[in-house]
Structures are given as C-alpha cells and as structure tokens.
Amino acid sequence: MTTAEATPLPASARSRSTGLTRGLGGLTRAEARRWLPWRTAGFIVLGLGLLAALYANWLIQPAKTLTELLYPFFGLWFALLILATVAMTQGMVASEISQGTAAWVVSKPVARPAFILSKFAALVPIVVVAMVGIPGLAARWVFSIAESEGQTEFNAGDLVRLLEEPLARNDYMPLMDFDVHLGILALMIFLILVAAAAMVLLGCLLRHATAILVAGLMVPIALVVLANVGLDQQVVSLTPAWAMDSMLDGIAGNPVSVLGPSIVATLWTVGLLGLASWWFNRREL
Amino acid sequence: MSTERRTFALLPGLGGLLKGEFHRWLGRRILLHSVVWTLLVTGLLWLVTTTMANIEWRGFDLLIHIWWIALPLGSIAIAQNALIEERQAETLPWVLSKPVSRPAIILSKVISDALGIILPAVILQAIIAWFMLPALEPKAGLPIQEPEFSRYLTVVAVQVVIVVLFVGVAVFAGTIFRNRGPVAALGLGIWMLLWISPGDVFDRLTLGGVVSGELTGESFKPITKYLLFDQALDSASGIYWTLLWSALFTLAAIGVFSREQF
Amino acid sequence: MTDLALQTHELRKHFGSTQVLRSVDLAIPRHSIYGFLGPNGAGKSTTMKTVMGLLRPSGGSIEVFGRDTRRYGPSARAHIGYLPQHPRFHPYRTCRQTLLFVAALYPGHRDRRELRDHADELLDAVGLSDLANRRTHGLSGGESQRLGLAQALIAEPELLILDEPAAALDPEGRHDVLEIIEGLRGRTTVFYSTHILEDVQRVSDRVAMISNGRIVADGPLTDLLSGDDSSWTIRTLGSSEAVQARLSSEPWVSSVDVSRRRDSDVWTVRLAAGAPEEQLLPTILADNQLAIAEFHPSDHTLEDAYLAIVGHNNEH
Amino acid sequence: MNAETTRPAIEVRSLRKKFGRTEVLRSVDLEIPRNSVFGFLGPNGAGKTTTMKILVGLLHANGGSASIMGHDVARDSLQARAAIGYLPQAASYWKHLKVRGVLNFTAQRYLDLPRPQLRQHVDETIELAGLTDLVDRKVAKLSGGERQRLGIAEAWVGRPDVLILDEPSSGLDPEGRHEVLSLLDRLRKDATILYSTHILDDIERIADHIAVIDNGSIVAQGSIDSFLVGSTALYSVGFSGPLFGAVEALQTEAWVDAVEPETDGRVTVAVNDRSHAELELLRSFVASGVSVTDFRPARRSLEDIYLEIVGADDDDG
C-alpha cells in the first residue's frame, strides 16, 4: 500500500438522481455483458440447431407435405424458444439473492427496481436478435428455397428431388406472405417477453430453483391451454393468450392480427415487471 | 475412537450420501412432489377426460402424451439442481473432504433424484391411472380402451427409462456448466431432438422410435399403438440403447467431476 | 504404523504459471498440536486443500498415517476431520442433521442414539445447543465456524485439519475453540492454521511457518521463542523527544525505535551487550513531565519470531 | 459551520428489529460524529451485522429510525446509500468479474465522471489497497486476504462520506491487519468509519469512539478516552531486591486505592487516577530505592472493560 494522496473529487461527480430507475442504464450494460457472448451464442446455436434438425427431418422423411411441415416447424420452434427462455432466466433473480450478489448490488446507490428492470432490459435485445431474428430470417430463407423449387443460389439438387413429389401433388401450403411471417415473429417476441417477465417475478417470489422452473414451464402451457380451452374471446383478449391464439392463427395460414395482441402482451409484461419490482423493493436481503 | 475403519468399500461414502439424500426426500418433500405430480399427470388426465368432449385422446393414450411432456421437463427441473445447488452453496469441497469417492457423489445424485421422480411421477401415477380411467368411462362419452397389463408394465418401464435418461443428462450437464440455465437448456434440447426424431438410424439408437410421433402427422406415438392397438414396438432396441446412453452420461459426469479441483 | 500423522514430501502446486506451493515438507507427529503460520497467500489453505484431495498436487507426495493419499484418497480421509476456511453447509439441514450426515459419510457403524448424543454433546461444546434444530441457512460467520468445528470432530478422527478455526469468532468463541483443541491433546493430532499468534502460543506444541510456498521454520515452539532479552518496551504519554535524544546518545544504547499508537508512544530500546540495565529507568525518569504507562523487557513473542522469519524470507 | 454539517454522520434512534419472534435489536442508539473512527464491539450474534444491514437498506427495521449524513435510511434509502461504502461480512461479487471489473462497476454506481477520470480514480484506489498485481484476477480466484482488501477498496472506490465495514480485518494475517488499520487511519480525514471487530487490539489502535452492543442493545458508548479514564486500573510492578517501605509510602497517596504484594516478586497497585499513576507510580518506587525491572498495566484495559460490560449484561439477561 502506498501513501499516495487521492485526487480530490469534483463536486459534480456525485450523481444525484433519485428516481426509481437510478442505475438502470449501468446495470443493464453490466447485465448485457454477462449475456454476451457465450449465452447469446448458446441461444443462436439452439435456434439454428432446431432449424437444422427440422430440415434434416424433412430431408430424411420426404414423403411429407409442406403443410405438415410448416405447422410443427413454427410450433416447435416457438416451444423451444420459450422453454429456452424459461430455462435461461430461471436463476436470473433467485440465484443472485441466494448467493448474496443481489445484496451487493443494492447496497450501492441504485434503485431496487432498476436491479429488476436491468435483468429484463438486457434480455430483450438478445431475445429479439439471437432467438427470433436470426433463426426467423433463416427460416424465411429455407422456405423461399422450397417455394421457388430450387431456383436459388442454394441449388440443392437432392432437396429439389425430395420435394418434387409433394410439390407435384400440389397439396402444400403456399409460402406465407412476408408480413404474416413478420407478424408471427413479432408475436413470438412479445410472448417471450411476457414469459421472461413472469420468470423475473417468479424469481422474486420463490426460493427453490425447481419450483421456479416448474412454475415457469407452466406459463407457456397455461397460455396454450387458455388459447385453446374455448373461453369467451373477450376474456382471452385480456390475457397474453390472445397473442398466442393470434400466432397460432398465423401459423395455420390465416390472417394474423398483431397490434391488439401486442398491446395486451406489453401491458402484461409491464404489469408483471411492476409487481416484481414492488415485491423486490420490500424484500429483505 | 477405536472403531475399526472399513477401508475397502467399492464406492466409499455412497451409503451415507444416499442416506442423506433419501432423508431429504422423505417427509414433506416427497408428499409435496406426489401432490404436484398427481395434479399434473392424473389430475390433468381426469380434467380432460371428463370435461373436453371434442378431444380425440382421452384414455391411456393421453396419459402417455402427458407423461412424455411432464417427465422430461420434471426430471430436468429437479435434476438440474443436483450439482448446481451444491456449487452455488459452495458445499462440494466440504462433502469431498469427507471419506467419500467422487463417483459416489454423482451416483448418489442420479439414484436419489431418479427414485424421487420415478416413485411419485411414474409408479404412483401409473397406479392411479390404472384404476381411475376405467372408472371414468361413463363420464367420458367415448369408450376407454383398456390395455393388457403386461403391455402396460412395459410402457411404465419406458417411462422409467425416460426419467433415468434425463436425470443422467442433467447431472452430466451439471458437471460441465456452472449455472442452471445451460444445464436445463441441454436437457430440453435433447428432449426436442427426441421429439423431432430425425430418422431411422437415430430412432434405433435412441428412444426416438418409441416416443416420437407428432411430426409424422399421426396422432399416435408408436408406444401408444403398442399399448392400445397391439402393434409391435418398432425399435424396441431404442429402449436398451437409451439405458446405455443414460449410463454413458453418468460415466461422463463421473469422469468430468473426478478431474475438477476446488 | 508410522508415528507421523501427516507427512508431505516436496509438495508442489501451481495454478497456471503461478507457483503457490514450491516445496512443502511437513512431518506432523501423532498427537501433536501443530500450528501452521504464514502470511495470507503463502500457501496454507492450498496445502490443506491438497492434503484433503480437493486440489491435485503438481508434484511431491502426501501421506496420511503412512498412506499415500493419491492412491488411498477416501480411506485416508476416513481418518481426518477437516474445517475449511469458510465452512458452508447444505442450507436445508439443521445443525444436528448436518453432524449426523457427516457421521454417516465415515465408514464404520455406530449406534444411532449414541451418535445423536455425541452430536448434541459437540453442539454444546461449541456453544450451538440452542441452534441444534435451526437450519444452517442464515448462520452467521461465527456460528458457521463453530458448527464447522463440531462437524470436523463428529467422526472422532485421529487427525484434525483446521483452516483458521477462530478467524470469525469473538474473544469468547476463540477461547472455547482453544479449549476444545486443548482438550484433544494426547488423543488427537491437530494441524491448524491461524493468524492469531497468541492462540498458537497458548496451545501449540510445534509450529511450522510457510512463506512463498516453502516451509521456512519448523519445530517445537520453545525453540522459536528463545531469543535475546536486551530489548525493552516503554510506553509513554506526552512529548518525549528530549528523553529519546538523550537515550540515543548513551553509549550503551544501541537503538531507540518509537512508534505511535493512538495517544501514546511505544519505544523499543535495544541495549548493547553488557549494558547497565539498571541505568535505563532512571535515565528516562530524569524528565519529570514524562508519564510512563508501561516499562518492561520486550516480550520476545511468536509475533517477533514470525516477523523475523517471514520478513527475512520475503526479502529474498 | 452550519447545523447541517455538524450533525452526526450516523444517527440511530431506538432501532428495533425482529426476525420472526426473535428480537435481534431491542433498542439501538448510536451517534457517530463526522470523521470519527467508530469501533463497534460485541459478541457474535449481538446485532452488529443486523444494525449495519439496516443502515445499508438490506433489512427493514421494525421500529426506530436511522439516518446517514441526514438522510433517513428508510425514506431516502438512495441518498443514504449514495453516502455509504459498505463491506459486508462475507462479500460476494459476480463470479465472472475481475478485480478491476468489480471496482469499475461500483465506481460507476457512485460517480458521474467521464471515463478517463473514472479510470484514474479506480487506479488510485487499486494502488491504495495494494491490489495492483491482482487487477486481472477473477474474483473467484482471490484468497481470503486478497478478497478482504478488494472489499475495502470496493467500499471506498465511490468516495463515500461514510464507510460501514463489517469485520474488515477478520481472516487477515497480522501484516494484513496492520495494513488495513493504517489504510483506515489514512481514510479517517476523508470519511467517517463505522467498523465492527472482535479484535480489541484493533480498536485500541485506531478507534476514537466505541460502542458495545450485547443482546440487541447498546450497553456502552462514548469516546474511547471516556472508557479508559475514571475507572479503577491495576498496575503490576516487578522488582529485584528489597522494597524499602515503598508499599507504605504509596498507601498514603490519594490516587492509590490498594497495594498488594504478590508472592512472585511483584506488587499489584490499584489506582483511581490513571494519569497520576503514569506520572508518579514508577517515580515513587524509584525514589524509595527499589530497583524496578517491569512495570505494566496488570490487565489489558479495553478487554477488561469489554468483558465487564458484556459480562454484566449477560448476568441480567
């Protein structure tokens, strides 16, 4: 240790903001640095891996029609994405509490809601880019290969031959409009945000990792059940199940409504995060 | 003080570790798990069978579908904790400073978690369903096919294999990852892969040929056809292979864990 | 049977390019209470963790009661009770259950009721009987350390390896721990590391000092403590420069070092060989205004020996 | 100086805290003057950590109030925390961070400075805490002593007005403890320091105020001198040769309570005025012609007082 004198602090150095979000920016950046690069890479690999597996499935079992392929493709893709989100976010808050790092962070002059919100804010771009954007565009590419009957630079002769029979039978579903494709992707993002917000809340409420994961896995299942159980449409419209419903419509080749479900899902996301922040704010660490 | 120490046990400490793990399962935990599993498996079965008039699955076929979703997810959710929990609490060096061998730690986790899932989620649910479904027939609206008992036992055995596989995978993932996220993601990935089941060779070397089904456009999995329609089980070898895979994952977990330093 | 409880031979350990243990040779006789001293980062914990099999040695050998731990790891550990520096326990067990869990990991069968009584006795001895049924989650640092000592003792091991057993404890707790160690004298070998030199002086028979990954001193405590006694410690209040100057100018005084400690000055006066010691006090008292709080021959303590050895070693 | 700047740095008024049915803090009152080094003493489990956690906003009190630099810790937790640097008992940081990363993160939470200045600031702290060789070490790989130094650097890097340190020197070797103490000694002109410890020697060396907590209540508080003055003190005097009536001479002095010759060639003198004793006790012996070889307080004063306070309180409870 030395006896060096410390540089005096300028009076303006102390940040004075006292709002509910003090520290949000810095915490989000720190959190995002944790997600990058390995975990994000993991998500991309997972998304593309699923795409590749579906594709392989398609190649190996050529007797199938495109109709039969598109529906499970989007369905399974979404299932995997939402499960991966649930799995990756389960420890986001709870393990920080149990390991004492949450106490470390909030002993600094940061607002407690900022701690909760930063977890979520760092996740959003990763979800959008790595989990939906990249595989979504890749999927679009694969489908356009299928539709153009191989007339692309990806001139996979085998693929064309394998697809000839179902295409010749002409019983495949035509390639969906690009805006429908985008609509499905947008709804996926909103649904995943709802799930992530629910995970943040569960992380605040529950202590045991197993309980958090099981409860988290119930969220998408509950959404599917809600969307399918035949509830009054007005009731469904009040829940994120509307977005789920609408997305399933789009996958089935029907017109897809994006705006309304997105707004409802956003409101739910905000509500869940607000509840999580409030709960965390009064929690002892 | 003068107790003669046995020093030639095959897996020193396994007995004590298992006792500790079982002690943890006993009591409120196993009760809670039994209740939750009953709600999730036979409870859901009861709900769908008695209330949803227009669904085509309503009997033992639905039980198989529910199991196929609940067991892998549940196994992953429970077994992902096995090592990560100890890592985060930093208790592994403490346990390892006792006269226990490292393989014993891995085995105690696999055995206790597998049993902790098999008993309430497979055995208990199989018994409840066996008696409940025939009794529900009057309410169901459709006839419920009753399977042969020996075939039912085989199906239950397949569920045990599923649990052992995913517990093995999750424990293995716990030796290479430090957080629950990737551990759970690896398990979920393998589950998805089995679901998609991309082909004959893959099917024969895994449970794929037994449990996949949806993607072929048929509503029934091969195992449902085996149970209810007296068809042969196409790739029964997949079951043995999967047991082997479970053993391989467990051995890999032991290998990785034995090299770790604390 | 060998008479050594623990022996290491040229034990080495490096993490990447960092050499933590360069060559550690220890020979801990059975039934000794062996203090292990050294600055933070010198390799005390690393040595203990390597002995416990938590780290793989990069070279050298370790024998516990004559058995190489690389070949007989678990069975060697069957003779050892270990308290890590920061003991952690399964949060879902109570204190008593923790002790019973540990006991079950050791080979040999013991009557359940007897074991339970033993566990309760130990909890009482470490002052945790009130917490016997509390879960270990949320124990304070001091409480964890007490429980850590109890779990190290539960299987009645022949060798105890304790990594800073008293670091987080209050003076009373430290006293309890020393008493427990003292009570094991003659029955159990105790090898423990500590920073509190006073404690070592109180209970150890032998001491090893480690610095920079090497054992730099090793032997009976009495050998390390014998030193010259021509040094005096004086604590004064108020201004004393004049006296110091006068003292320094005396031919029989070889040095006067003064360090400030709160409101008083602590002097260390070294006298030349054959100095008239009875002159010292009158010389100082010649100043009528000087208040003297202490005046005595310097305690040649372990701290001095420690600083001399470790400081000397660090310079090279 | 106006009233705002002369208020105590930390004020705690009849603070209470319960965990379930266990009363951990019964009534804690503390008044910690600015720029003091305040030693917080008490047995394990007496409530030191709980009090500190309430000050930092990690626990919520069940009653009473506390303020840091005039900011109430419950109502204005953010402003209070902006004034505090805190070292918890078992500090844990994100495992993926390196030493510099931890300090950067914390500095950014407190200070609104452009990057180069912030960096200079962090560098200074690193040097001050002797962490220069460790900046690129992962936190998980630090030894106990290194981690403790990082903890103190981390508490100080935001240049807070108040440092709250929970056992800053536990687990350190004598040299490390000495370094920590001299570091605190250097910080005392810029900050108010509240620290808990078990090592009474550390308190005697640098604290100017102390409080003793036992069973959730403050049982003694004040400047360290007020503890040491006014109480009966014992001195032990060793001598060679005869006593020449020194005992009788001493017994007539007003500041002497009792003189007890011991069997081992020593005399124990009980005095009621320390400063008199320090000035005259030795001189009195020497004047009588006694050859004194050893003169020292018979018991270590603070430990003695501490045990008296804590012990007496335990008897009541």
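Numbered from 1 within each chain, the chains take letters A, B, ... in sequence-line order.
- In this structure, no portion of C:Ile234 lies under 4.5 Å from any heavy atom of chain D.
- Contacts between C:Leu290 and chain D at a heavy-atom distance below 4.5 Å involve backbone atoms as well as side-chain atoms.
- Only the side chain of C:Leu281 has a heavy atom closer than 4.5 Å to any heavy atom of chain D.
- Heavy atoms of D:Val286 lying under 4.5 Å from chain C belong exclusively to its side chain.
- Neither the backbone nor the side chain of D:Glu146 comes within contact range of chain C; no heavy atoms are under 4.5 Å apart.
- Contact of the D:Glu278 side chain with the C:Ile292 side chain is not registered, since no non-hydrogen atoms from C-beta on lie closer than 4.5 Å.
- Ranked by non-hydrogen atom pairs under 4.5 Å with chain D, the options C:Leu237, C:Leu280, C:Thr46, C:Leu169 are led by C:Leu169.
- Taking both residues in full, the closest heavy atoms of C:His296 and D:Asp294 are given as CB-OD1, 3.2 Å, listed atom of the first, atom of the second, then distance.
- Closest approach of C:Phe295 and D:Val292 over heavy atoms only: CE2-O, 4.0 Å.
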